[in-house]
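Only heavy atoms go into these numbers, but all of them, side chains included; no hydrogens, no water, no symmetry mates. Every chain is numbered from 1 and lettered A, B, ... according to where its sequence line falls, protein lines coming before strand lines.
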Protein chains: 2
Amino acid sequence: MPAASGTPRPPARSGERGIPEAAVARLPLYLRALGGLAEAGETTVSSEELAAASGVNSAKVRKDLSYLGSYGTRGVGYDVQQLVHLIARELGLTQDWPVLIVGIGNLGHALAGYGGFASRGFRVAGLVDADPARVGEEVGGVAVSHLDQLESIVRAEQVSIGVIATPAAAAQSVCDRLVAAGVTSVLNFAPCVLAVPPQVGVRKVDLSIELQILAFHEQRRNVAVAGVAT
Amino acid sequence: MPAASGTPRPPARSGERGIPEAAVARLPLYLRALGGLAEAGETTVSSEELAAASGVNSAKVRKDLSYLGSYGTRGVGYDVQQLVHLIARELGLTQDWPVLIVGIGNLGHALAGYGGFASRGFRVAGLVDADPARVGEEVGGVAVSHLDQLESIVRAEQVSIGVIATPAAAAQSVCDRLVAAGVTSVLNFAPCVLAVPPQVGVRKVDLSIELQILAFHEQRRNVAVAGVAT
DNA sequence: TAATGTGAAAGGCTTCACAGCC
DNA sequence: GGCTGTGAAGCCTTTCACATTA
């Protein structure tokens, strides 16, 4: 879901062989679940089982997988390994993705040390921070460089994905520099909206937004209970 | 009528005066944008301006706000302060929400120190970790307690929202304990599916899933370019 | 028999476009 | 003139239900 504002945005699927966005967003869930099943020694899996393991319902699983082609066996299910390959290829995880993380505060530390990246083809190609005191520190086996090095790292490491974990005030300028240096996908953890050219992809994660949504439902539950009780 | 398959899950809106889930998920964005506008000294805002500031389009803004009632002035726009109040109340942010964070690794640290919580009515009521070496450490002004204290903290502090930032292997057992102690909303950062009773709310954030979705689009762009070039 | 793959139906979300109001 | 509020249309997603196949 690229940011952008007034841009009229063409209707998502432009005619190409189209797997719906909603399905794409679930493929990583299946991949994670399949990893667990494979470790448990399963060689085949039914849509029902995969559904349970990934927290989705089975009709959705079947539809989603059907977008990748018909690789299941009726009466049996899907081959776990084949499915892992199929999904990984579809998501583009069979290649190496060098990632640059900007902003090595608590969150940047957490991201740099996060095991879930490496296991999916993401490689931390660089860490940069504006604070000279942090430069040189090693996090997860990678040394922190100064923000000045941003451009040179992006070019030297062919980084196409940048992760922004800076304060909100710095995010747009960091983003501009990433884009100017050649980054075409940005994952933004700063609580702000980023403006980017239309060909650049942005996704955002805002920790406090999720909590607020939880609070909404929590409050509702309480109001409902109070209403019934009164 | 729906033949029970997996989790029957009621159709989202249970009959009450219904603001759509998709709109709820955007309210925090508006709230954030309005904060910025207020700081900039704006007293009124049009749907177009709010749209730009929150990364949404103006038709959506108007529809979303209309679910809260008709508080705009035609020809003028919305009153910033009034909108802040309206949204905060709708989300349940006018009350204090004590939160317990479980798992004080890098991510737990980041969450405990995150400023965006306090400004929205969330208060870190406790931090717990399974590692005795971490107990006693202070993070963001709150001391880390041992995992054993989970239940007593939930009860003493009336915690209804729990945040799980443990490794995946520990998440389900932590979740079970939170729920047993009385927590009714869970924010899960562990990369796994949590089973909870139907009346408990769960939201999840998986850092690597967002990256994978980015990779999908990134790959697509490259393939498309290569395709055109070839 | 067991489970996939898929048209068709249902539901929800977004966008359009304009009447209504300040 | 400018902007909100909102039916209606269109699009996307989910779910159903069953023919099909190993």
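When the C1' atom of D/dT4 is taken as reference, atom CG of B/L68 falls 14 Å away, rounded to whole Å. Going from atom CG of A/L27 over to atom P of D/dT13 covers 13 Å, rounded to whole Å. If you measure from atom NZ of B/K63 to atom P of C/dT14, you get 11 Å, rounded to the nearest angstrom. We find that OH of A/Y67 is positioned 10 Å from P of C/dT6, with the value rounded to whole Å. With rounding to whole Å, B/D64 atom CG is found 10 Å from C/dC13 atom P. When the P atom of D/dT4 is taken as reference, atom CG of B/L83 falls 11 Å away, rounded to whole Å. The nearest whole Å value for the distance from the CD atom in B/E21 to the P atom in C/dT14 is 11 Å. Atom NZ in A/K60 sits roughly 11 Å away from atom P in D/dC16 (whole-Å rounding).
Applying the salt bridge (charged side-chain N to carboxylate O under 4.0 Å, His left out) test to every pair with at least one member in residues 106-125 of chain A, sequence neighbours left out, gives these pairs: A/D96-A/R123, A/R123-A/E157. For residues 178-188 of chain B, the side chain to side chain donor-acceptor pair (under 3.5 Å) pairs, not counting sequence neighbours, are A/E218-B/T184, A/E218-B/S185, A/R221-B/S185. Residue pairs that meet the side chain to side chain donor-acceptor pair (under 3.5 Å) test with at least one member in residues 163-173 of chain A, sequence neighbours left out, are A/Q172-A/D176.
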Give every pair of a protein N or O atom and an N or O atom of nucleotides 2-5 of chain C that lie under 3.5 Å apart, one pair per line with the distance.
{"unit_1": "C/dA3", "atom_1": "O4'", "unit_2": "A/G75", "atom_2": "N", "d": "3.1"}
{"unit_1": "C/dT4", "atom_1": "OP1", "unit_2": "A/S47", "atom_2": "N", "d": "2.5"}
{"unit_1": "C/dT4", "atom_1": "OP1", "unit_2": "A/S47", "atom_2": "OG", "d": "3.4"}
{"unit_1": "C/dT4", "atom_1": "OP2", "unit_2": "A/S47", "atom_2": "OG", "d": "2.7"}
{"unit_1": "C/dT4", "atom_1": "O2", "unit_2": "A/R74", "atom_2": "NH1", "d": "2.8"}
{"unit_1": "C/dG5", "atom_1": "OP1", "unit_2": "A/Y71", "atom_2": "N", "d": "3.3"}
{"unit_1": "C/dG5", "atom_1": "OP1", "unit_2": "A/G72", "atom_2": "N", "d": "2.8"}
{"unit_1": "C/dG5", "atom_1": "OP2", "unit_2": "A/Y78", "atom_2": "OH", "d": "2.9"}
{"unit_1": "C/dG5", "atom_1": "O4'", "unit_2": "A/R74", "atom_2": "NH2", "d": "3.0"}
{"unit_1": "C/dG5", "atom_1": "N7", "unit_2": "A/R62", "atom_2": "NE", "d": "3.1"}
{"unit_1": "C/dG5", "atom_1": "O6", "unit_2": "A/R62", "atom_2": "NH2", "d": "3.4"}

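The phosphate of D/dT15 (OP1 or OP2) has a side-chain N or O of A/N57 nearer than 4.0 angstrom.
Proximity of a side-chain donor or acceptor of B/Q219 to a complementary backbone N or O of B/A215 within less than 3.5 Å is not detected.
B/Y114 pairs by the ring pair (Phe, Tyr, Trp, His ring centres under 6.0 Å) definition with B/F117, not counting sequence neighbours.
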I'd like a table of donor-acceptor pairs (distance under 3.5 Å, sequence neighbours excluded) in which one partner is a side-chain atom from residues 76-89 of chain B, with atom names and distances.
{"unit_1": "B/D79", "atom_1": "OD2", "unit_2": "B/Q81", "atom_2": "N", "d": "3.2"}
{"unit_1": "B/D79", "atom_1": "OD2", "unit_2": "B/Q82", "atom_2": "N", "d": "2.8"}
{"unit_1": "B/H85", "atom_1": "ND1", "unit_2": "B/Q81", "atom_2": "O", "d": "3.3"}

